[in-house]
J.: 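Please read through the structure below; I'll follow up with questions.
A quick note: this is a predicted structure, and the numbers were derived from the prediction, not measured. In this chain, residues are counted from 1 in sequence order.
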Amino acid sequence: MASEREVFELSGPLHLTPVNWENADHRRSVAACLVQGVYILERDRQEKRQGSQALAPRWWEFCHFRLLRPLVDDVDSSIFGAVYEFKPVLLQGDHKNDGSPRYVIAFRGTLTKPDSVSRDIELDLHFIQNGLHRTSRFEIAMQVVRNMVATVGDSNLWLAGHSLGSAMAMLTGKTMARTGIFLKSYLFNPPFFSAPIERIKDKKLKHGIRIAGSVITAGLAFALKASSNNQRNPPEEPFFAISAWVPSLFVNPSDHIGSEYIGYFEHRKNMEEIGAGSIERLATRNSIGGLLMNAIGRDSEPLHLIPSANLITNLSPVQDFKQAHGIHQWWQPHLRLQSNIYRYS
């Protein structure tokens, strides 16, 4: 029996008729639905729903996309991503100028179902250990992204992902950004592995903890760099080099998995205002865990740290963590959203 949340007619954005590509809310909703399509593709596979019984196609067909290919994990054969092509019904003029993409590569997050949960949790652990880039799933995703960019060009391609899939999209986007290719990216509930400082209600205490953390991180980074002849820590230049890439990050303050991005960017701005910008510029591209891993000889880049972003925060009330971290929130109408653009300099 399919869950109500898997059925487009019961939980999808029926209000998007038609999609207005010049509307940022519509673009966000479509990107989220394409990610949901990947979740349901995998659920269809697990439940052996085929043909007219399959539930996934409605999630992309409503906005005139077609599935070019699923992305299949080489370990457990689960579907973790998909490549979509936009096929508008009426080609009136040049649709490139209306804000629509030609192709979207989307990645799902963790599915707590027997057929895929063990592999997904394995990938979650790799993310926590800053090792997602060493997994075969990332290699598959990266090859597909490179091939699509080479074939259709970077301006015609979007990336999208949710939770673990958001981390995958972020990592592929960062990798491409290092080569000077900046892909438009929609990252829903991206995970930020850190102490949950953002959940502290006392603003002065929270600010003090963040300042102390920045001083410790910057000091450790400086000390390790000074004492190492082979500079394992990446210099500032690569971090600055990808600063022109401004992915859209969609976070919810009640989602403890990704809400730290709010404090991460706000704190950087606060440190600049109190004259401690140089400390924060060193701290913001390092994590204590990553520095310690580098110190013992293990290359460990903090994959979740990025220089620039368009941070969109959902301030609408939520019932629980499951709703705060869920993909469904991002296509709901009348959301209370707050948007801030942060650029590293």
J.: So, using side-chain contact (heavy atoms from CB on, under 4.5 Å) as the criterion, who are the partners of S77 when residues are at least two apart?
T.: V72
J.: Within a strict 4.5 Å, meaning less than it, do heavy atoms of the E260 and H304 side chains meet?
T.: no
J.: Is any side-chain heavy atom of S116 closer than 4.5 Å to one of Q46?
T.: yes
J.: Under 3.5 Å, is there a donor-acceptor pair linking the side chains of T110 and D124?
T.: yes
J.: Check whether L171 and V75 end up in the same hydrophobic cluster, where Ile, Leu, Val, Met, Phe, Trp and Tyr are linked by side-chain heavy atoms less than 4.5 Å apart.
T.: no
J.: Report the residues that fulfil side-chain contact (heavy atoms from CB on, under 4.5 Å) with S248, sequence neighbours left out, ordered by chain and then residue number.
T.: F250, N310, I312
J.: Cut-off 3.5 Å, no hydrogens considered: what does the side-chain donor-acceptor table look like for residues 137-150, sequence neighbours left out?
T.:
unit_1 : atom_1 : unit_2 : atom_2 : d
R137   : NE     : D73    : OD2    : 2.8
R137   : NH1    : D120   : OD1    : 3.3
R137   : NH2    : D73    : OD2    : 3.2
R137   : NH2    : D120   : OD1    : 3.2
Q143   : NE2    : N147   : OD1    : 3.0
N147   : ND2    : Q143   : O      : 3.3

J.: Could you give the distance from CH2 (W158) to CZ (F86), rounded to the nearest 0.5 Å?
T.: 9.0 Å
J.: Looking at R119 and D76, is there a salt bridge between them, counting it only when a charged N and a carboxylate O are closer than 4.0 Å?
T.: no
J.: Is there a side-chain contact between S259 and S254 (heavy atoms, below 4.5 Å)?
T.: no
J.: Just checking, is any N or O donor in the side chain of Q329 or S316 under 3.5 Å from an acceptor N or O on the other one?
T.: no
J.: Using the ring-ring contact (aromatic ring centres under 6.0 Å, His included) definition, which of the options F8, F65, Y84, Y103 pairs with W60?
T.: Y84
J.: With a 4.5 Å heavy-atom cut-off, do R108 and E42 have their side chains touching?
T.: yes
J.: Under a 3.5 Å cutoff, is there a donor and acceptor pairing between the side chains of H328 and R5?
T.: yes
J.: Are F321 and H256 an aromatic pair by the rule of ring centers under 6.0 Å?
T.: yes
J.: Could I get the full list of side-chain contact (heavy atoms from CB on, under 4.5 Å) partners for A167, not counting sequence neighbours?
T.: F127, L132, P191
J.: Among residues at least two apart in sequence or on other chains, which ones pass side-chain contact (heavy atoms from CB on, under 4.5 Å) with A32?
T.: F188, I327, W330, W331
J.: Considering only residues two or more places apart or on different chains, which pairs with a residue in residues 55-67 satisfy salt bridge (charged side-chain N to carboxylate O under 4.0 Å, His left out)?
T.: E9-R58, R66-E85
J.: Say you draw a straight line from CG of L164 to CZ of F107; how long is it, rounded to the nearest 0.5 Å?
T.: 10.5 Å
J.: Below 4.5 Å, heavy atoms only, C-beta onward: do L67 and L41 meet side chain to side chain?
T.: yes
J.: Nearest 0.5 angstrom please: I257 CD1 to N189 CG, how far?
T.: 8.0 Å
